[in-house]
Structures are given as C-alpha cells and as structure tokens.
Amino acid sequence: MNAPDSLPTKAKELRALLLAERALHAQERARHAEELSAERKAKDHAQDEMKHLMGIIKELQRNRFGRRSERLDVHQLMLAFEDVEQAIAAAQAAAEKDAKPRTKPDARRRRNINRGALPLHFPREVVVIEPEDKTCKCCGILRPRIGEDRSERLDLTPAQFKVIVTVRPIYASNEKGCEGCAGNINISQAPAPERLIEKGIPTEALVAHVVVAKYADHLPLYRQAQIYARQGIKLDRSTLADWTGRAAFALRPVHARLLEHFKQSTKLFADETRAPVLDPGRGETKKGQFWAYARDERPWKGTAPPGVVYVYAPDRKHTRPAEHLAGFSGILQVDGYGAYTDLAAAGDVVLAFCWSHTRRKFYDIQVSTPAPIAAESLMRIATLYAIEDDIRGRFAEARKQARQQRSKPLVEALHVWLQERLATVSAKSTIAEAIRYALSRWEGLSRFLDDVASKSIPTSSSARCDRLHWAERIICSPDRITAENTGRSSLRSLRLAR
C-alpha cells in the first residue's frame, strides 16, 4: 500500500489520529463560519449602500425632472454624496492598509484627487529629511548630494486668538529742560486710535471675521459663540449681534457708494421678494421687501465686475425702484411688476421683460389642465432658449448677429401666432390671460434681439435664484438687528460684490 493509505494498527495511534482529524475539521468549520459571517456582513453593508445610493438617485431624478417646488438645493443634495465619498475613502484606506505593498500602483484603483501645484502665494515651510548615515559603507567617505525628491502637502494653522495690547506712553518735561519748561507741566501723549466699537474688546479684524462667517459662510452667531468658547473666550450671542449691527452701520457709506457705482452702468437686473421681518412685542413677523439690483457682464465678456446690491424697504410701493435707481439711465431687466413700468415712463430707463415669467404662465396651464396652445407656446419658447444656450459666451456683436438671423424670425412668428390664438379663445380663460400678459409686454420681451449687451433671453433667475432666496433666510434669524437696519443690505451686498 502507498504511504497516504497506510493506517496505524495500534488503538492508541488510531485514537490520536482521529482526534487530530477532528481538531482539523473543527478549525476548518470555524474558518468557514468566519468567512460566511464576513460575507453576510459585506452583503448587508452592500445592501445598505445600495439603498443609500438608490435614495440619492431618486433625489437626483426628482431634482432633474420634478416640479420646482420639490427640487432640492444643490448644496443640500451634495451632503448625501459627501457621506458616500467618505465611506468609499474609509474602505479604500482599510484595503490599502491590509493589502501587500505594490511596486507599481494599479491604474484602475486611482482615486480622484486634486492635482496641480498649490498656489504660489502660500508661505512654504521646508522640511528636509536626511538619512541617518550619509557615508559610504565601503570606504566611509561622505557621499555627495546628487539630487532630491520634493513633494508638497497642504497644511492648515488653526485660527487662534491673540490679545493686542496698545500702550501710549506719557511724556512730561523735567528739571533738565529749557528755561521755558521750568515751572511748567508739559505733557505729551499720542492720541488714542479710533475704534469701530469704542471701549469694546474686538479689533476690526475680529468683527470682520464674525460678519464674514455669518453672511458668507452661513454660520449663525450662536454657533460662532460655541466655537469661541472652545478656546476659552466666552462671548454671548447678543454681543456678537451688537458687533454685527455696528459693522453694518459703519459699512453704510460703502453700500451707498456701491449702489451709485452700479447706477453708472448701462444695464442692470432688478428683482424683489418679500421677507418676514422680526417685529418685537407683537409676537409675529411683519412683511418687508428686499430689492436686488445686479450687474453681470461676463456672458458678453464685459469689463465691469459682477455684483449685486440689496436695498430693504418696508413696503412694495411703486415709488421704491425710482428712489433706489435715481440717476440710472439704461436697460433694466425686470419682471412684469408695474413699478418698473412707472420708472420707465420717466424716459431714462428702457425695460427688458422677463421671458421666464411669460413662460411660467403657459407652464402652469399645461401642468394643471393641458392645452394645445400652452404646449405649443412652451415648445416655441424652448427653441429660443436653445439658441441662447448655443451662443452663450460669444462676444456681444456675434450674439446680436445670431439673434437677428435665428431668433428674430421665431419671435416675430410667435407674436403673430399668439395674436391669432387670442382671437380663438374665450376672453376670460386662463390661456387668454397668459397670451395677453405676453402681448402687452412684447416690446420689452423683444429687447434682447437688438441689445448687443443683453445677457440672454431675459430671465429672473439671474438676479433672484441664488441671491434673493439666500436673502430671505437670514431675516428670520433670532439676532437683535432687524431688517429696518439697512446695514444688512450693506453686508449682503458687499458679500456678493467681492
């Protein structure tokens, strides 16, 4: 018999062999149980990740194809992706730690990381790592340096407080002075520097940091107070609110100058939105109004820097735009609010009406009660939008030429078609109201065809989407400063005009 088939003949040896086989079998069963348990955990984790990813896909689909009221803010949507990316990075780190070292990295497993040189204006701290022994092992001679490997990493020094001690020495005459000093008390001292907050502890840099964190980084004052408390600085939220209010007052001249600078432009965007304003003592909020006046010449390669100015008003009177834009002469891109029509009646302002509002009239009809006229109108307007997407970024004259050749015939045909359709529908129907809304503003809707500096088919989103929606949120914050303090307009305007 072969050796593997041979068995011992003695009982003790057979018993020992059987026990060894049982122990080996038990180890195999334990190993298989561990592998099965790991596979189950991996499967459960994969299923959880799949559910998470499917939820993100559904949110993306809703954000892409859902109604506007159901769509998520893009930054809120990115929070879900951050969780997934963090989980993937943790799994990759664990795999890289457990994996055997590779002589050459696998191209298929490369991570998407930021590439390129770090900004040159950052200070550099050079750390040189020398070998423990720089001498030759054979002869003991110091080996010459023939090159180096250099790499850069981005580091951060956490923000830290410091105390600035201002000392103003006092000097006085003494007995060794001249004859004129004899018997006289002659004291000199440098005047105290002016402070933003008299007798207060913050420097102007600290106040600026609080304001930027609140309005640019959306960090409420109570959270800032918690951050400072971790460093041993106890600042009440009301104290930070007081600093913010005083900064707003100090920035009023800058806000006024910014608005005056905007009014020297030849084209502005204007929009307004209601904002709830704290009304202490009543137990409820009252309605205020935020007006936004924006400038953006980047689409036609203009030279003026983009920006937006906010102006608060306690009401929506027709006189407000005229007060805000006194001295402005040029094209004002607006919606259908009648106050702008009154402003244009003075003769200095020419209106370019918003196609987005016109389109919305037909869109609402199509969503609630689909109608052929509404559907056809949306298709025709969509064709104009497609042309604007195609010519976006070209120089002004090239855009004007393309609009004259491609868009103008479509606009003229749409005008004739709407007039014909208006004669076929009931005068009191919603579709008739939508058509009349468009026809009554047709001159302003057609303004973009001949304006070399027109951004595109005028839409309210340019001045409203990311600016006024953001402005609405901050007014309801529990800070003591209310929207009557026009300094809020100053802070908000400066934040977006940087």
Side-chain angles (χ1 to χ4, degrees), residues 52 72-94 97 113-114 118-119 121-127 152-167 193-251 278 280 466 469-483 485 487-488 490-496 498:
H52 192 187
L72 294 177
D73 181 80
V74 61
H75 299 292
Q76 188 70 24
L77 192 61
M78 287 299 105
L79 293 177
F81 286 109
E82 290 178 6
D83 294 338
V84 176
E85 291 171 347
Q86 291 171 6
I88 293 174
Q92 288 179 344
K97 183 177 181 180
I113 59 177
N114 294 329
L118 296 173
H121 65 275
F122 285 178
R124 257 63 176 177
E125 178 182 341
V126 180
V127 178
E152 292 187 347
R153 294 189 303 164
L154 187 63
D155 194 16
L156 173 67
T157 302
Q160 58 182 3
F161 287 100
K162 67 178 180 180
V163 178
I164 296 180
V165 181
T166 303
V167 178
E194 187 175 356
R195 296 183 177 183
L196 177 63
I197 301 177
E198 293 296 334
K199 299 181 180 179
I201 62 173
T203 63
E204 288 71 19
L206 178 57
V207 175
H209 177 79
V210 172
V211 170
V212 171
K214 175 177 172 60
Y215 289 96
D217 301 332
H218 311 289
L219 192 61
L221 297 181
Y222 78 91
R223 291 186 180 176
Q224 294 190 51
Q226 294 173 351
I227 293 174
Y228 300 151
R230 291 201 298 265
Q231 299 193 41
I233 304 297
K234 295 183 179 180
L235 295 172
D236 189 74
R237 182 201 57 81
S238 60
T239 301
L240 298 178
D242 181 76
W243 295 357
T244 305
R246 293 180 182 275
F249 177 80
L251 289 172
L278 295 178
D466 61 337
H469 174 70
W470 178 79
E472 284 180 326
R473 300 181 305 183
I474 200 67
I475 301 305
C476 298
S477 62
D479 299 336
R480 296 188 305 175
I481 312 301
T482 61
N485 186 346
R488 284 203 165 189
S490 307
L491 296 173
R492 209 175 318 283
S493 302
L494 293 171
R495 175 258 178 187
L496 289 166
R498 291 179 301 171

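Of the candidates Thr244, Thr239, Leu235, Asp236, Thr244 is the only one forming a side-chain contact (heavy atoms from CB on, under 4.5 Å) with Leu221.
To the nearest 0.5 Å, the span separating CG on Leu118 from CG on Asp155 amounts to 11.0 Å.
With hydrogens and angles ignored, the 3.5 Å screen pairs a side-chain donor or acceptor of Gln224 with a backbone N or O of Leu219.
Atom CD of Glu198 is surrounded by more than 12 heavy atoms from other residues, nucleotides or ligands within 6.0 Å.
The side-chain heavy atoms of Leu240 and Tyr222, taken from C-beta on, include no pair separated by under 4.5 Å.
Contacts of Val165 classified as side-chain contact (heavy atoms from CB on, under 4.5 Å), with partners at least two apart in sequence or in another chain: Val163, Val167. For Pro158, there are no side-chain contact (heavy atoms from CB on, under 4.5 Å) partners, not counting sequence neighbours. For Arg124, the salt bridge (charged side-chain N to carboxylate O under 4.0 Å, His left out) partners at least two apart in sequence or on another chain are Glu152. Contacts of Phe161 classified as ring pair (Phe, Tyr, Trp, His ring centres under 6.0 Å), with partners at least two apart in sequence or in another chain: Tyr228. Residues passing the side-chain contact (heavy atoms from CB on, under 4.5 Å) test with Leu156, sequence neighbours excluded: none.
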Donor-acceptor list for residues 200-212 side chains, cut-off 3.5 Å, not counting sequence neighbours:
from   : atom 1 : to     : atom 2 : distance (Å)
Thr203 : OG1    : Leu206 : N      : 3.4
Glu204 : OE2    : Leu196 : N      : 3.0

